[in-house]
Amino acid sequence: MYGSSFTNDLGYGSEVAQSVAAHSENKAGQPRILLMGLRRSGKSSIQKVVFHKMSPNETLFLETTNKIVKNDISNSSFVQFQIWDFPGQLDFFDPAFDSEAIFGGCGALIFVIDAQDEYDEALRKLHMTVTKAIKVNPRISFEVFIHKVDGLSDDHKIEAQRDIQQQALDDLADAKLDVHLSFYLTSIYDHSIFEAFSKVIQKLIPQLPILENLLDILNTNCRLEKSFLIDVVSKIYVATDSSPVDMQTYELCSDMIDVVIDVSCIYGMKEDSDGLAYDDKSQSLIKLSNGMVLYLREVNKYLALVCLLRKENFDKHGLLNYNFQCLKQSITEVFQASNTAK
């Protein structure tokens with residue numbers, strides 16, 4: 001599960017600088033993700049839904065963030081990072097702020113823009129933030145979540161994304177800054193926020209190309225249509241094969257994990273268990289009405305392999321099981337080698 005989750009009350013001026021510096025120490029090799037944006041843009045709701053399993057409807061009662069909220073996400077050996085949720089009213093150009101402490105150890109900066117509101121001010125804040133951050137840490141990955149798009153029509157979504165993207169890139173070009181921004185349409189009421197966070201997290205996993213290659217090999221040898229390595233707690237997929245991701249397929253695979261764990265909690269818990277309903281015996285097979293099969297296997301206590309394949313290709317169970325064991329061993333060796341090299 002997740003590690004510590006705590007908040008730090010921050011005032012302004014020198015107290016802010018001291019507090020940020022005091023909490024800027026990071027665990028070795030653990031990247032930091034900064035969550036920024038204007039007030040009421042939806043930053044805290046995103047964090048609660050993705051990492052604390054809060055219902056989207058419950059987020060309507062969240063209070064406005066007026067402090068830096070720091071969360072250590074420590075649910076597996078290779079999906080470990082910190083999320084710092086910054087209140088929208090903080091001014092990073094205040095001399096009291098230690099920019100090095102804020103941006104120096106940052107792996108990714110997510111800037112959230114409310115697509116249902118006027119976003120001129122948000123774009124100005126985005127430009128100021130990127131300008132400040134890139135001078136301190138040129139390696140930061142800049143991600144823009146165009147959020148709350150659930151209330152917009154498809155045409156309005158496309159128009160908002162085009163408008164925000166064009167203005168943001170024009171501002172950077174005018175400032176002669178060569179910075180890459182990635183843009184995502186997100187909502188906490190569907191899987192788009194999990195898809196966007198998955199893309200952000202994948203950029204912080206150096207072993208990603210190897211994992212993608214391993215899944216491609218598995219797909220070829222077992223005639224799979226699609227395969228995901230999904231974190232069983234957050235439902236973020238840390239890797240998938242090289243074929244394009246279809247949102248409906250990802251939703252099916254993600255929901256399957258909830259079904260397996262919920263059923264295991266009800267019927268599969270042993271008296272001497274440690275409270276976990278997911279272990280090395282966890283696996284599941286669901287035959288869909290469209291002739292496809294969903295197949296889940298445990299990779300480790302934090303990761304699941306979820307595959308989609310045609311029913312007629314699910315004829316050689318022994319071959320699939322053997323190739324899965326080879327994949328599982330390879331993933332273990334990849335991360336053992338990475339940990340040894342640190």
Side-chain angles (χ1 to χ4, degrees), residues 1-3 5 26-37 42-53 69-85 103 105-112 133 137 139-147 180-188 190-215 226-242 244-245 247 249-251 253-254 257 299-306 331 334-335 338-339 342:
M1 287 294 292
Y2 296 115
S5 174
N26 210 2
K27 295 179 181 178
Q30 190 181 69
R32 182 191 308 158
I33 297 175
L34 305 184
L35 199 55
M36 298 182 172
K43 304 184 298 300
S44 299
S45 299
I46 290 173
Q47 185 174 204
K48 292 294 185 181
V49 168
V50 175
F51 298 108
H52 298 280
K53 301 180 76 69
V69 181
K70 175 185 172 185
N71 281 273
D72 288 334
I73 309 301
S74 305
N75 56 318
S76 79
S77 60
F78 50 92
V79 185
Q80 292 188 351
F81 51 92
Q82 294 181 336
I83 293 184
W84 287 22
D85 182 2
F103 302 114
C106 175
L109 191 157
I110 299 174
F111 196 92
V112 182
N137 185 358
R139 297 183 301 277
I140 292 179
S141 174
F142 292 100
E143 321 288 341
V144 180
F145 286 6
I146 303 171
H147 196 47
H180 176 73
L181 302 180
S182 297
F183 296 85
Y184 309 87
L185 293 172
T186 61
S187 169
I188 58 174
D190 57 35
H191 278 68
S192 61
I193 190 62
F194 295 92
E195 164 83 4
F197 243 106
S198 296
K199 296 294 186 183
V200 173
I201 298 302
Q202 288 169 24
K203 294 179 182 180
L204 304 180
I205 301 176
Q207 301 89 352
L208 181 64
I210 301 175
L211 296 177
E212 289 182 347
N213 188 46
L214 289 173
L215 292 176
K226 190 66 182 172
S227 55
F228 293 91
L229 282 175
I230 303 180
D231 170 53
V232 296
V233 178
S234 68
K235 309 306 181 301
I236 287 174
Y237 67 91
V238 300
T240 185
D241 56 75
S242 57
V245 174
M247 183 65 73
T249 301
Y250 171 46
E251 287 184 26
C253 294
S254 176
I257 294 176
V299 175
N300 59 42
K301 65 178 180 178
Y302 305 110
L303 277 183
L305 172 72
V306 189
I331 291 174
V334 165
F335 288 104
S338 300
N339 292 333
K342 289 182 180 179

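If you read the sequence from its start, that first residue is 1, and numbering goes on from there. Every heavy atom of this structure was used, including side-chain atoms; hydrogens, water molecules and symmetry mates were not.
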What pair of heavy atoms forms the shortest contact from Ala304 to Val232, and how long is it? CB-CG1, 3.8 Å
Rounded distance (nearest 0.5 Å) linking atom CD1 of Ile188 with atom OG of Ser45: 5.0 Å
Distance in Å, Phe111 CZ paired with Met36 CE, rounded so as to fall on 0.5 Å steps: 9.0 Å
Counterpart residues, ring-ring contact (aromatic ring centres under 6.0 Å, His included), relative to Tyr184 (two or more places apart): Phe145
Can you give me the closest heavy-atom contact between Cys106 and Asn137, atom names plus distance? O-ND2, 3.0 Å
Taking all non-hydrogen atoms of both residues, which atom of Ala196 and which atom of Thr186 are closest, and how far apart? CB-CG2, 3.6 Å
With sequence neighbours left out, what residues match Glu212 under side-chain contact (heavy atoms from CB on, under 4.5 Å)? Leu208
To the nearest 0.5 Å, what is the distance between NZ on Lys235 and CD1 on Ile257? 6.0 Å
Grab the two heavy atoms, one from Phe142 and one from Leu181, that are nearest each other, plus how far apart they are. CB-CD2, 3.4 Å
Find the distance between CZ (Phe194) and CD1 (Ile236) and round it off to the nearest 0.5 Å. 8.0 Å
Is the gap between the ring centers of Phe51 and Phe197 under 6.0 Å? yes
Rounded distance [0.5 Å steps], NE2 in His191 versus CE in Met247: 8.5 Å
Gln202 side chain to Tyr237 main-chain N or O, any donor-acceptor pair under 3.5 Å? yes
For Lys53 and Val233, work out which heavy atoms get closest and say how close. NZ-O, 3.9 Å
Within a strict 4.5 Å, meaning less than it, do heavy atoms of the Leu229 and Ile331 side chains meet? yes
Go through it in stages, so that I can follow the logic: the residues are Ser141 and Val200, the test is side chain to side chain contact (heavy atoms under 4.5 Å, CB included), and I'd like the CA-CA distance, side-chain angles, deciding distance and then a yes or no. CA-CA 8 Å; Ser141 174; Val200 173; 6.0 Å; no
With side chains defined as the heavy atoms from C-beta onward, is the minimum distance between Ile201 and Ile33 less than 4.5 Å? yes
Which residues satisfy the side-chain contact (heavy atoms from CB on, under 4.5 Å) test with Asp190, sequence neighbours excluded? Ser187, Ser192
Separation of Thr240 OG1 from Ile230 CD1 (nearest 0.5 Å): 8.5 Å
Give a yes or no answer on whether the side chain of Asp241 reaches the backbone of Leu215 with a donor-acceptor pair at less than 3.5 Å. no
Any Cys253 side-chain heavy atom under 4.5 Å of Lys226 side chain: no
Heavy atoms, side chains only, cut-off 4.5 Å: are Lys43 and Ile110 in contact? no
Do you know which two heavy atoms are closest between Ala239 and Leu211, and how far apart they sit? CB-CB, 3.8 Å
Short side-chain to backbone donor-acceptor contact, Asp85 and Gln47, under 3.5 Å: no
Charged N-O contact under 4.0 Å between Glu143 and Lys199: no
